[in-house]
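Structure first, commentary second.
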Amino acid sequence: MSKHNHWLFKSEPTCFSLEDLKNLPDATEHWDGVRNYQARNFLRDQIKLGDRVFFYHSNTAEPAIVGIAQVVREGYPDWTAFDPENDHFDPRSAPEKPIWYMVDVRFVRVLPRPITLAELRGIPALAGMALLNRSRLSVQPVREEEWDLILKLAGVEE
DNA sequence: GCCAACGTTGGC
DNA sequence: GCCAACGTTGGC
């Protein structure tokens with residue numbers, strides 16, 4: 001039995017929401033446009049097929065973990081960096097020597113209730129979460145204990 | 001809309 | 001290699 005790791009991906013819902021992911025034809029999306037080296041390292045090196053991901057809505061009235069996605073393709077070069085027409089174009093990145101990477105994720109579920117940032121902050125056992133300490137990291141690891149606790153809070157039976 | 005936190009850039 | 005200036009993220 002292989003052991004999967006857990007992650008948290010942030011997205012601004014006005015840009016791309018959990019509902020948007022759910023409503024895609026095959027509920028699958030390229031997680032492109034990440035332009036931070038630490039997040040890139042996770043995408044390129046550590047995020048594996050089958051890993052589960054908390055979908056977090058940021059920069060919104062009530063920031064919260066709202067659902068779960070799953071990795072369906074491991075890290076590969078983010079081609080949006082190669083396209084001058086694309087908002088995420090980066091002239092330093094080239095197909096033969098890519099700087100930026102992405103993974104593909106598919107929709108798994110909406111949480112029975114969103115777990116807000118405010119609620120997470122109130123839980124001592126979660127004080128070490130990257131979300132609470134590394135506020136600007138958009139792709140980040142979630143420890144197994146944190147993952148399990150948050151699922152329990154949300155009322156998810158696994 | 002404001003602004004603090006913080007990652008990145010570039011001059012020296 | 002330091003660090004000030006700058007730009008962006010994201011909570012509020």
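Chain naming here is simple, since letters A, B, ... match the order of the sequence lines and numbering starts at 1 in each.
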Send over the distance from [X] [atom1] to [N] [atom2], rounded to a whole Å.
X         : N       : atom1 : atom2 : result
Leu117(A) : dT9(C)  : CG    : P     : 18 Å
Leu131(A) : dT9(C)  : CG    : P     : 16 Å
Asn41(A)  : dG7(B)  : CG    : P     : 14 Å
Asp87(A)  : dT8(C)  : CG    : P     : 12 Å
His88(A)  : dT8(C)  : NE2   : C1'   : 13 Å
Leu132(A) : dG10(C) : CG    : P     : 14 Å
Arg136(A) : dG11(C) : CZ    : P     : 12 Å
Glu12(A)  : dT9(C)  : CD    : P     : 7 Å

OP1 or OP2 of [N] versus the side-chain N and O atoms of [X]: is any pair under 4.0 Å?
X         : N       : result
Arg92(A)  : dT9(B)  : yes
Arg121(A) : dG11(C) : no
Lys10(A)  : dT9(C)  : no
Tyr56(A)  : dG11(C) : yes

> Applying side-chain hydrogen bond (donor to acceptor under 3.5 Å, both in side chains), which residue pairs with at least one partner in residues 45-58 of chain A are found, sequence neighbours left out?
Replying inline: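 Those involving residues 45-58 of chain A are Trp7(A)-Asp51(A).
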> Can the ring centres of His30(A) and Trp79(A) be said to be less than 6.0 Å apart?
Replying inline: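 Ring-ring flag for His30(A)/Trp79(A): true, centres closer than 6.0 Å.
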>> Quick check: do Phe42(A) and Leu137(A) have side-chain heavy atoms less than 4.5 Å from each other?
In response: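 A side-chain contact exists here, since the closest heavy-atom pair is under 4.5 Å.
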> side chain to side chain donor-acceptor pair (under 3.5 Å) with Asp78(A): which of Arg35(A), Arg40(A), Arg44(A)?
Replying inline: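 Exactly one candidate clears the test, Arg35(A).
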>> On DNA chain B, does the nearest nucleotide to Asn59(A) precede the nearest nucleotide to Asn133(A) from the 5' side, or the other way round? Give the residue.
In response: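 Taking each residue's closest nucleotide, the earlier one in sequence belongs to Asn59(A).
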> Hey, does Arg40(A) reach any base, or is it just sugar-phosphate, or nothing, if we go heavy atoms under 4.0 Å?
Replying inline: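 It contacts nothing in the nucleic acid.
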> What closest approach, in Å, do Met102(A) and Asp32(A) show between heavy atoms, and which atom pair accounts for it?
Replying inline: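 Looking at all heavy atoms of both residues, the closest pair is SD-CB, 3.3 Å.
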